[in-house]
Each structure stands twice: as structure tokens, then as C-alpha cells.
Amino acid sequence: MKILVINSGSSSIKYQLLDMADESILGTGLVERIGEAQGTLTHKAHPGTDAEAVVKLEQPIPDHGVGLQLAIDLLSTGDNAVCNREEIGAVGHRVVAGGPFNAPVIIEESMWPDLTETERLAPLHNPANLGGAKEAAKLFPGVPQVLVFDTAFHQTMPPHAYMYAIPYEYYEKDRIRRYGAHGTSHKYVAGECARLMGKAVEDINLITIHMGNGASMAAVKNGRCVDTSMGLTPLEGLVMGTRCGDLDPAVHNYLAVNRGLDVATIDNILHKESGLKGLCGYGDMRDVHAAVDRGDERAKLALEVQTYRTRKYIGAYTAALGHVDGVVFTAGIGENDDIVRAKTIEGLESFGMKIDVEANAIRSKEARKISTADSTVAIWVIPTNEELAIAREALALVK
Ligand code: AMP
């Protein structure tokens, strides 16, 4: 079966078509600037192979429906077609916040009230994620539309990990609790790590660190998530590109009272003007490193704050798990940035975590172990593959 995976953002659509017979990627692409005067679409047929063909389009793309139609046309018609449209047996959609949904679902009409309700939990992401699913349903009548929620993997957290210590009624009436995010990625790399260690995921405990522009960690005990760093929304936890992560909630009130800022402005500051960007002006870790190399003290501080926060979470999750078999780094920074990995693990020798400097310095797209032979906790770099994970979830449901 061929499965189309869609990650629909507010003005973009990422897509990938996979042949699940061998899990190969038949085509992939990115539609951007939807709704602007000029949109772009970059499409690759047979990416990464000798047969790779790249198509670039520049034209107005007024809405997600038009963007998706263009992508499907490129996948299924013309010189670079990689499939017949009828062969697409399911469409898998990434959805950031699932609220009460604790597993992937095939969309049914009756679910829409509950699905719409989840939009409050991730107002930047969910309306676009679910909007993409609506458009795909129109373009593929009768084809199962599978929603794979970033929160689902974290639904095994026990109440002591997901409850906030605020009046209980806000949990009961408003469902305010910790949900986490990036669950598809945490689950995928935990499974890969177990496979690489030659163990069943049910037999080991892992700390997974998804560190990209957004960043989160999970404590995974015997294959089940028991804690994660993001909360009600993807704002809590680690220091991110532009998001503050953990913060005294009183800062909100302080800014309102002392600066006269309104709620929307403060929310925007904490989501888009904080994190690495807030500390040093650069939200992209590569720019932070370049600034550090120029002797920029604020960039040095940003790097220290970011890696210290992550290291503290490793300590916390070691306590949550009791025993740790492996630590996994993944996503843009986790997979590529040896400096951040080394600084994060610095000083954790007494936790049994030691980085092998040479192994850590190797640049590769492959999964690799970066701990020393005498490190009792194995430390890994494992590229995440959320599209494949979503396609596998969709296939399992459709079957
Ligand atoms: P993601 O959100 O997973 O795409 O990750 C984006 C983050 O990864 C940005 O902060 C990038 O600076 C960082 N990143 C991507 N490639 C590299 C690299 N080669 N070295 C260091 N950081 C990188």
C-alpha cells in the first residue's frame, strides 16, 4: 500500500508519499507561502536516489486545497509521476495536540466536535493540521484519513506527572493538564534505540531528547512514556529556538502589571521572542554558534542556559525512571550539533553518562552510539523520521 503523509502548517504543507512494501519514499515536497501573492512548491520524485527529479513551482497558491491538489498532480501525473492516485490507500496527518485522543484514529464525521475542541490546546498548529485533513478528505473521497497525534505517546503518563498543582476544577472542567508533544518522534526513536541495543523496548528505560527548533524530552519506562517536558501546550520545558520553556508563571502577571502588556502580547513574546532568540537575538542554533565563535557573550549565555536546562531534565528523568539504559538525541540540533550534545552531558559521569569525544564529532545521517565503552548508560544519536512513523501508524490502523 502507498500512504501519503501530510504535515499541514498555517501557510505550508509538507508531504511525503511512501511505499509501505519497503518503506521507501516515492516522492516528497514542501508547499510554502500559501495565501501570499506568490506561493512556492518544491517537489522531489524518488528523493535521494539516482532517479531523483526536482520540480519547483512558483505561482499563487490561495489555500491549502490548491496546494494539496498541486502536490497530488505532481505525484501522480506527468513525466515524474511516482504512483497512480488510486494506489494511495490512506492519508496520514500529523496533529500536534490530541487532547483526550490517546491513539491514532481514522476520521469519522462524529469526531469533529471533539477534534475541533483540541484546537484550543495548540492554536498555532491544530487548526492547520485539521484543516489539511479536511482538504485531503475532499480530494480523496473514501480513502481513510488517519490522524496521528503528537500527544498520543504521552497519554501513558501517570497523574502525578500530568497534573498541575492548581485547583482541581480546572482539570475537571477545562481539561488543563500536561499533554506533551513530539510524541511520534519520541516513540519512534525509543523503538529504534531498543532495536539498535538488541533489546525489546519493554525491557529498557530511555531518556529521549528531541531537540530542534521546538524541543522536548521524554522519560520512557519499558516502552511507555512516564513523563515529558512539554505541558498543556508546547511552551513548557526546554529552552527552544524562540519559546521560553519553563518559566515562573508569575512572570506573566509581572509583565502585565509592570509593563502594561496585554495577554496576547505576552503570549507572543513567550512563544516567538524568547528562548535562544530572546537571550541572544538568534533563534537558530547555527547562528548561535557563529556568534559564540565571534566572542558574543550573550550567545555563550544562551548556549549555557539551553544545555543546562536539558542537563537538569536528564537528572530529573533519571530520578523518574530509577534506572536508565540509554539517552537518545534526535531532531535538527540533537542529530547535528556535537557541541550541544557534549555540553548537555558534561558533568554527568556520576550518572554513568560519558560521551566519546571522537564518536560525538562524527557527522553522519546514520544512527550512532556516541558514549564511551565504560559509560554505563548508552548515549545515541538517532535521526527521527516522523513521516515514516505516521505512515506506519496509518498502515496499522487501515489494515
Ligand atoms: P528542526 O526543528 O528539527 O528542523 O531543527 C532546527 C534546529 O536544528 C535549528 O536550531 C538549527 O540551527 C539546528 N540545526 C540544523 N542543522 C544543524 C547543524 N548542521 N548544526 C547545528 N544545528 C543544526
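Computation of the quantities below employed the complete heavy-atom set of this structure, encompassing side-chain atoms and omitting hydrogens, waters and symmetry-equivalent molecules. Each ligand, and each atom within it, is numbered from 1 in the order the structure gives. If you're wondering where the values come from, they're calculated on a predicted model, not measured in any experiment. Along the sequence shown, residues are numbered consecutively beginning with 1.
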Could you give the side-chain donor-acceptor pairs of residues 39-50 under 3.5 Å, partners two or more places apart or in another chain?
from	atom 1	to	atom 2	distance (Å)
His43	ND1	Tyr15	OH	2.6
Thr49	OG1	His46	O	2.8
Thr49	OG1	Ala51	N	3.2

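- Taking the ring-ring contact (aromatic ring centres under 6.0 Å, His included) definition, one finds that His93 meets it with nothing, sequence neighbours left out.
- In this structure, a donor-acceptor pair under 3.5 Å is present between the side chains of His186 and Ser216.
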Considering only distance and modelled atom types, tabulate donor-acceptor pairs under 3.5 Å from the side chains of residues 228-240, sequence neighbours left out.
from	atom 1	to	atom 2	distance (Å)
Thr228	OG1	Met217	O	2.7
Ser229	OG	Met217	N	2.9
Thr233	OG1	Leu235	N	3.3
Glu236	OE1	Tyr164	OH	2.5
Glu236	OE2	Arg178	NE	3.3

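- Between the side chains of Ser185 and Glu386, no donor-acceptor pair of N or O atoms lies under 3.5 Å.
- Within 4.0 Å of ligand 1, heavy atoms belong to protein residues Gly212, Asn213, Asp284, Met285, Arg286, Ala331, Gly332, Ile333, Asn336, Asp337, Arg363.
- Using modelled atom types, one finds a donor on one side chain and an acceptor on the other under 3.5 Å when comparing Asp246 with Tyr313.
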